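One is the number of the first residue; the rest follow in order along the sequence. Predicted, not measured: the structure shown is a model, and the values here were computed from it. Quick note: numbers below take in every heavy atom, side chains included, and nothing from hydrogens, waters or symmetry partners.
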Amino acid sequence: MNDQNDLKGNTLTMQRFINDPDDIVDETVAGFVKAHSDLVRKDPENNRVVVSRFAPQEGKVGIVTGGGSGHEPAFVGYVGQNMVDAVAIGELFSSPTAKSFADAIRAADGGAGVAVLYGNYAGDNMNVRMASEMVEPDGIEVATVVANDDVCSAPANEREKRRGVAGEIFMWKIAGAKAALGGSLTEVKSAAQKAIDACRSVGVGLGPCTLPALGHPNFQIEKGTMEVGIGHHGEPGTRIEPLKSADAVADDMLKIVLDDHNLPEGTEVAVLVSGLGATPVNELYVLYDRIEVGLEKAGLNVHRAFVGNYFTSLEMVGATLTVMALDDELRSLLDISCASPGLSLSGGIPEPIGKIGTRRHRGEEARRSTLSVPQAPEAVELQKLALNSASGIVEELAAVIVANKTHLSDIDGLIGDGDHGINMAKGFGRAADQIAGKNIPLSAAFEKLSDILMSEIGGSMGPLYGFVFRNMALSIENRNAIDAEGISAMLNAGLQGVRTTGGAKIGDKTLIDCFVPAVEAFDASKGQGILPALSAMRKAAEAGRDSTVDMVAKLGRAARLGERSRGVPDAGATSCCLILDELAAAISRRVTAA
């Protein structure tokens with residue numbers, strides 16, 4: 001029996017099967033691959049990529065997906081025969097890294113192109129785009145389809161803003177079957193798009209979930225109430241109301257879906273009712289019983305029904321409903337046989353397109369910077385920061401982020417998924433561990449931090465902060481010391497990194513609202529010297545952070561909440577303020593006057 005002292009922090013009080021919360025994803029993958037070794041294997045190039053035993057298949061379009069962990073069997077559970085060929089695995093509730101998506105694409109490539117089918121989340125969109133660029137030198141053609149089936153996350157006239165939820169399972173099933181039948185990349189993409197266009201989903205939450213590294217629920221649902229339209233990460237729904245009977249909940253869910261679908265009588269449908277992790281399966285059947293009655297009253301015919309835990313959210317109490325309208329093509333593709341840990345069907349069995357091979361590309365990555373980064377000038381002023389042994393700055397930044405892990409996650413949980421502090425602390429903490437006591441140049445320390453954020457953390461903050469520190473590293477590379485002009489160049493390079501990666505503007509309620517005024521304040525005061533300019537930067541960063549409280553989010557998951565995102569500071573702006581504040585303090589402690 002493990003000593004409880006081996007557990008970290010808040011996990012001491014959790015009734016969960018956990019060793020180290022930082023290792024739970026890797027240990028999950030290890031156990032999953034062992035349990036399903038007849039269907040899947042790890043990619044030898046990346047432990048966060050799981051590949052079908054039936055892939056890559058020469059001449060067949062590869063199917064790739066990816067997403068955050070904690071939704072098992074999604075996403076990893078749908079890798080197998082005539083389904084997904086490779087999956088990229090992220091931290092709990094966080095997008096996989098761009099590198100993991102790129103490695104999954106390479107692992108699935110049989111020479112006919114790869115379709116990447118994923119959910120509509122900021123981190124996934126960003127990292128899939130970057131991954132597509134990363135495999136261009138390998139000559140792999142990539143097509144993408146973004147799932148957006150969650151009815152309550154945006155109005156019908158803004159469907160492109162909707163989240164992707166359990167409808168993704170039908171998208172993978174249809175696309176996998178089309179690829180197995182020898183469809184071209186264009187045809188597979190078209191089938192996947194048709195499938196997700198035919199899906200509508202809604203979720204109802206009865207109880208919250210807890211991220212292990214946080215140790216307490218990342219949102220709250222009061223006893224006796226339920227949240228209609230809740231997201232898979234606990235994103236707020238459209239309304240909170242008193243808990244109803246199962247039949248009343250089923251009627252409400254079906255009405256939300258069918259009002260948006262507007263299907264004519266006689267339409268055949270496929271139905272999926274999934275638990276969110278802690279809902280007893282018998283209760284899911286109670287819901288389905290009423291749902292089918294409602295579908296029949298609406299004149300719709302159920303071709304296939306799937307009831308169980310297909311797309312969960314750790315131990316959240318609740319359920320989701322997905323209805324996919326079928327035509328002849330979708331019905332026939334749905335009925336094709338498949339075998340995966342999360343879904344297996346008997347039916348038509350297509351002949352293999354070609355022999356099963358191995359990874360066709362090694363995928364050596366080039367150092368990437370979307371724009372050239374201007375070099376900071378060598379110091380000419382008396383006040384300057386020596387760079388050759390300043391790596392302790394990164395350790396000090398990490399200490400502040402780790403100390404504020406819970407605070408950042410709590411803020412994020414109010415309008416997002418609650419993982420911001422967890423992932424930031426994990427990335428910064430690992431970087432600090434790897435450079436501790438080495439007294440390496442600050443550029444090398446920033447480079448190490450960037451590499452870890454981009455290759456191990458994922459989400460949207462991984463690449464955003466990754467390019468901030470990558471650009472800052474490049475700007476001061478091969479410099480012995482920098483003065484106020486050099487610090488300005490370094491800060492502006494970091495700002496350039498986040499702007500070119502994320503595309504946010506002032507007023508979007510992101511870290512940009514903190515970063516831009518902070519850099520502008522430094523530049524406006526740099527003529528007075530380093531210390532006054534850093535002081536001005538700190539004040540502007542705090543004001544920028546505070547300005548996000550009264551903003552309505554326009555980017556990221558919180559953007560779907562509209563006015564409900566007002567009244568809460570942005571987690572990214574808050575972490576940016578912490579970083580800039582500590583960076584200013586750390587530089588101030590090291591400034592010398594020769």
Side-chain angles (χ1 to χ4, degrees), residues 67-72 74-75 90-95 118-125 146-156 158-169 171 196 199-211 214 217-221 225-241 249 252-253 256-257 260 272-279 309-322 409-420 422 459-460 553 555-565 568 571:
S69 298
H71 304 296
E72 288 73 20
F75 297 75
E91 293 291 333
L92 291 176
F93 288 8
S94 293
S95 167
Y118 63 99
N120 193 15
Y121 299 90
D124 297 282
N125 285 319
V146 183
N148 54 358
D149 53 302
D150 188 355
V151 171
C152 290
S153 57
E158 295 181 335
R159 190 172 179 196
E160 73 281 357
K161 296 181 180 179
R162 288 179 174 176
R163 296 183 291 249
V165 285
E168 294 179 52
I169 297 168
M171 176 175 67
I196 204 63
C199 288
R200 301 291 190 279
S201 299
V202 65
V204 172
L206 308 184
C209 60
T210 297
L211 294 167
L214 190 57
N218 62 333
F219 65 99
Q220 294 293 333
I221 297 177
T225 68
M226 62 184 190
E227 187 145 0
V228 179
I230 198 167
H232 272 94
H233 307 94
E235 298 97 333
T238 55
R239 64 183 189 269
I240 298 172
E241 57 188 42
V249 173
D252 193 15
M253 295 174 80
I256 290 169
V257 166
D260 198 85
L272 187 147
V273 176
S274 177
L276 290 177
T279 306
N309 288 317
Y310 289 95
F311 202 128
T312 64
S313 184
L314 294 175
E315 85 287 19
M316 193 187 299
V317 184
T320 62
L321 166 66
T322 301
S409 290
D410 286 347
I411 292 172
D412 191 35
L414 294 173
I415 55 174
D417 55 14
D419 67 347
H420 183 73
I422 295 168
S460 58
L555 287 179
R557 289 175 180 165
R560 301 183 178 94
L561 302 179
E563 282 294 326
R564 292 187 66 185
S565 65
V568 179

Just by modelled atom types, is the [Y] backbone N or O under 3.5 Å from a matching donor or acceptor in the [X] side chain?
X    : Y    : value
E72  : G70  : yes
S274 : F311 : yes
E227 : P236 : no
N120 : N148 : no
S153 : R163 : yes

Handout entry: Positive for side-chain hydrogen bond (donor to acceptor under 3.5 Å, both in side chains) with R200, one of D260, D149, D150
Key =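 The option that passes is D260.
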Smallest separation among heavy atoms of [X] and [Y], with atom names:
X    : Y    : value
T279 : G318 : OG1-O, 2.7 Å
M171 : A147 : CE-CB, 3.9 Å
M316 : G231 : CE-O, 4.0 Å
G277 : N309 : N-OD1, 4.2 Å
S201 : G167 : OG-N, 3.8 Å

Practice task
Would you please indicate if the ring centroids of H71 and F93 are separated by under 6.0 Å?
Solution key: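 H71 vs F93: aromatic centres under 6.0 Å.
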Practice task
Could you give me the CA-CA distance, side-chain angles and deciding distance for H232 and L276, then say whether side chain to side chain contact (heavy atoms under 4.5 Å, CB included) is met?
Solution key: CA-CA 8 Å; H232 272 94; L276 290 177; 3.8 Å; yes
Would you say the side chain of [Y] lies within less than 4.5 Å of the side chain of [X], judging by non-hydrogen atoms?
X    : Y    : result
N125 : Y118 : yes
E241 : V228 : yes
M226 : V249 : yes
D419 : L92  : no

Exercise for the section: Measure the CG-CD distance between L272 and E168 for me, rounded to the nearest 0.5 Å. Expected result: 12.0 Å
Exercise for the section: Starting at CZ of F219, measure out to CG of D410 and round the result to the nearest 0.5 Å. Expected result: 13.5 Å
Problem - side chain to side chain contact (heavy atoms under 4.5 Å, CB included) partner of I221, the single match among I230, V317, I240 - result: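 Single pass found, and it is I230.
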Handout entry: Worked verdict on T320 versus V165 for side chain to side chain contact (heavy atoms under 4.5 Å, CB included)
Key = CA-CA 9 Å; T320 62; V165 285; 5.9 Å; no
Handout entry: Candidate pair E315 and T210, rule side chain to side chain contact (heavy atoms under 4.5 Å, CB included), full reasoning
Key = CA-CA 7 Å; E315 85 287 19; T210 297; 3.5 Å; yes
Handout entry: Verdict with supporting geometry, V146 and I196, side chain to side chain contact (heavy atoms under 4.5 Å, CB included)
Key = CA-CA 8 Å; V146 183; I196 204 63; over 6 Å; no
